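Each remark here refers to the structure printed beneath this line.
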Amino acid sequence: MSYKLIAMKRLFFFSGLVLLLASCGQQGGDVAGSSPVEAVNPLMGTASTFEFSHGNTYPAVALPWGLHAWSPQTGENGSGWMYTYADTLLRGFRQTHQPSPWINDYGTFSVMPLRGDVKTDDKSRGVSFSHANEQATPYCYRVTMDNGVKVALAPVTDGALMEVAWPDVEAQYMVVDAYGYGGTVSVDSVSGCVYGVSRYNNDNGGVPDNFGNYFVVAFDQPITGVGKEGDGLAYVKFDLQPGEKLTVRMASSFISFDQARLNFDRGPKSYSSLESAADNARQIWDELLGRVRIEGGTDEQRRVFYSCLYRTLLFPRRLTENDTLNEPIHYSPYDGQVHNGELYTDNGFWDTFRAVHPLFTLLYPEVSKEVLQSLWHTYEQSGFLPEWASPGHWGCMIGNNSLSIVTDAWLKGIRSVDADQMLEAMLHQTRARHADIASVGRDGYEWYDSLGYVPYPEVAEATAKTLEYAYADWCLARFAESIGRTDIAETYYEKAQNYRHLFYPEQGFVWAKDAKGRWRKDFDATEWGGPFTEGSSWHWTWSVLHDPEGLATLMGGHEAMEARLDSMFTAPNTYNYGTYGFVIHEIAEMVALDMGQYAHGNQPVQHAIYLYDYLGRPWKTQQHVREVMNRLYNSGPAGYCGDEDNGQTSAWYVFSALGFYPVCPGSGQYALGSPLFDKATLALPDGKSFVIRTEGNGPRCPYIRQAMLNGEELTRNYLTHEELLQGGELVLQMDSVPNTVRGAQAEDLPYSYSRR
Ligand code: CA
């Protein structure tokens with residue numbers, strides 16, 4: 001996402017683009033025989049700026065889906081660019097909940113060990129460091145700063161342990177910073193604890209007035225002095241002897257100080273040392289990452305794969321804490337009350353419905369189960385399902401993609417909510433709009449229901465909304481059908497055809513109509529914004545996830561759609577920045593990656609390569625998907641070709657490297673691509689496993705000559721969720737030349753509503 005939709009106002013600079021693309025330093029070392037977590041580089045994607053994103057990530061030291069994450073901080077307080085690879089100063093070690101720099105953080109605080117003259121504020125306290133002296137893993141971040149102070153940080157449930165060593169006994173102190181915004185910090189020298197509340201929320205996120213993050217920072221060495229700079233900032237002094245280490249234990253709660261103490265006792269206090277905390281976190285990561293075992297491929301491919309899988313498992317954030325009886329409870333950022341049960345947040349469903357949540361349904365269904373409960377709780381507490389939450393409803397992006405998440409999980413047998421209640425919530429999402437936040441509920445639903453499309457310019461981003469609503473309506477219909485509500489299903493299957501109203505036959509692309517049914521003038525497939533969202537017609541025309549066959553018919557048949565897809569990669573990478581008024585970073589990234597109008601750096605088009613499967617031309621999917629994996633990802637700081645976005649751009653790689661992708665969540669199918677590795681073994685929930693094996697694979701052999709599923713020839717261009725869950729083996733003979741016979745028949749094509 002870019003600044004426009006969240007109303008930031010800054011200047012854009014186009015410079016530095018080529019330089020950034022070229023700088024993709026990578027961690028060295030052989031990772032072939034190591035455990036999965038050792039292949040992860042948390043610095044992947046951190047060489048990003050406001051103007052150009054190579055991921056816009058930060059090196060999260062965290063447990064998967066953890067209540068909090070931790071990160072070194074190089075940017076000043078308030079900057080979404082918390083850690084930028086090119087920066088040279090460390091300003092703190094920060095507890096963070098930030099899902100994206102464009103959204104910024106909430107409830108954040110930091111600690112910063114220092115020496116010498118006391119400097120407390122974030123602008124003056126920065127200490128230089130070098131990447132040669134830092135070591136980042138998901139379970140531990142270590143750095144020796146240029147002033148000789150050594151820091152190590154490891155995550156535990158609801159908190160973290162930190163270890164600090166000073167190079168000499170002089171002037172040792174540590175700053176605790178609650179980031180202003182009415183936050184407080186107080187020091188209890190007797191107990192050796194600092195207590196604080198962070199109320200930071202960057203004036204956004206729609207949180208209630210009582211929002212706060214209550215934190216405890218405890219030291220295992222005597223505090224020998226205290227300084228207080230202001231309400232939200234304090235420092236404490238130490239007198240450690242040479243060779244001594246300070247262990248800091250930190251925990252927090254969104255509920256209360258009492259809950260923070262409980263979290264502290266169960267979390268950080270239960271670890272004897274930083275090493276034991278890091279070891280525990282390493283085991284947790286290895287278990288979860290290890291649900292996919294890969295063999296073959298290069299070290300670099302293995303690094304990219306597990307770095308991407310790590311990113312896929314960081315969000316959404318599980319905001320749930322455990323009460324005195326160890327039952328799940330949560331502070332609601334919607335109504336300010338504490339409720340029983342699960343709540344997840346920090347997710348833009350516009351991004352993550354595509355591949356992140358489908359990956360959970362396959363490999364981490366325990367999370368999908370809780371996410372569904374969380375969706376219901378959000379509806380109960382706020383009157384709407386979430387679309388972009390951080391921690392409360394956010395005005396960002398478009399669509400009703402919560403419906404996709406519910407339907408996809410439900411149809412895959414994850415049924416942790418009441419069906420009738422959920423149907424009511426889903427229907428409501430299509431028939432109402434949040435009073436203050438246009439992106440929650442359905443903006444323009446009155447138009448959509450009366451005209452069959454959202455008109456432009458009456459409604460911003462109207463064509464993108466129409467396309468996403470039509471897919472959401474198909475999801476709702478599938479859900480209703482599965483629980484026997486055929487009346488509702490019929491109505492919504494019909495609405496799901498609404499994408500047709502904005503297909504412009506004269507141009508062969510989707511375009512926009514006003515409320516009187518007149519086509520928008522001056523058609524330009526390269527024009528960004530206006531009726532579209534962070535893309536042009538080149539990107540949005542493909543957003544008919546539930547009915548590629550219907551789209552092909554509109555275009556004039558399979559060959560016409562194939563030619564249109566082909567031309568996306570060969571068209572010049574020109575652009576018209578349209579209503580954005582300047583080159584938003586997504587445009588800059590499309591231009592830089594030099595694949596015509598294909599813009600892998602943003603989400604709307606990320607499924608498009610797989611659409612060749614729907615046209616009986618699977619070898620073109622195989623070729624392009626390999627090219628994207630090889631060219632547009634690397635494990636270094638410049639490792640992504642655009643915003644990573646809560647795991648979505650990573651999950652694309654994870655699925656694609658395995659050889660299949662969920663083009664249409666809710667269909668129960670995965671379109672086949674071109675697996676990267678000799679062998680991948682998926683550990684499925686009930687102890688079964690599914691193996692994807694390739695023979696004759698390699699960089700010059702992206703094409704599938706023959707596919708065998710459990711010993712029988714598979715000519716289809718898709719796998720079903722059931723086939724994967726049953727366990728078994730897919731064996732692919734790879735080739736350097738396309739097999740233009742395999743997968744070309746009508747019965748080989750994946751699901752389309754028009755062909756059902
Ligand atoms: Ca994006």
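Treat the numbers as computed from the prediction; the structure is a model and nothing was measured. The chain is numbered in sequence order, starting from 1. Order of listing sets the numbers, starting from 1, for every ligand and every atom in it.
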(request) For the Ca ion (ligand 1), find the closest N/O/S atom belonging to Asp645 and write down its atom name. (result) OD2
(message) When you measure from the Ca ion (ligand 1) to the N, O or S atoms of Thr649, does any of those distances fall below 3.0 Å?
(response) no
(request) Kindly confirm whether the Ca ion (ligand 1) is within less than 3.0 Å of some N/O/S atom in Gln603? (result) yes
(request) Report yes if the distance between the aromatic ring centroids of His624 and Tyr598 is under 6.0 Å, otherwise no. (result) no
(message) For a side chain to side chain donor-acceptor pair (under 3.5 Å) check, start with the C-alpha distance between Ser404 and Tyr471, then their side-chain angles and the critical distance, and finish with the verdict.
(response) CA-CA 8 Å; Ser404 169; Tyr471 165 64; 2.8 Å; yes
(message) Are Met82 and Thr96 packed together at the side-chain level, in the sense that at least one heavy-atom pair is separated by less than 4.5 angstrom?
(response) yes
(request) Tell me whether the centres of the aromatic rings in Trp528 and Phe582 are closer together than 6.0 Å. (result) no
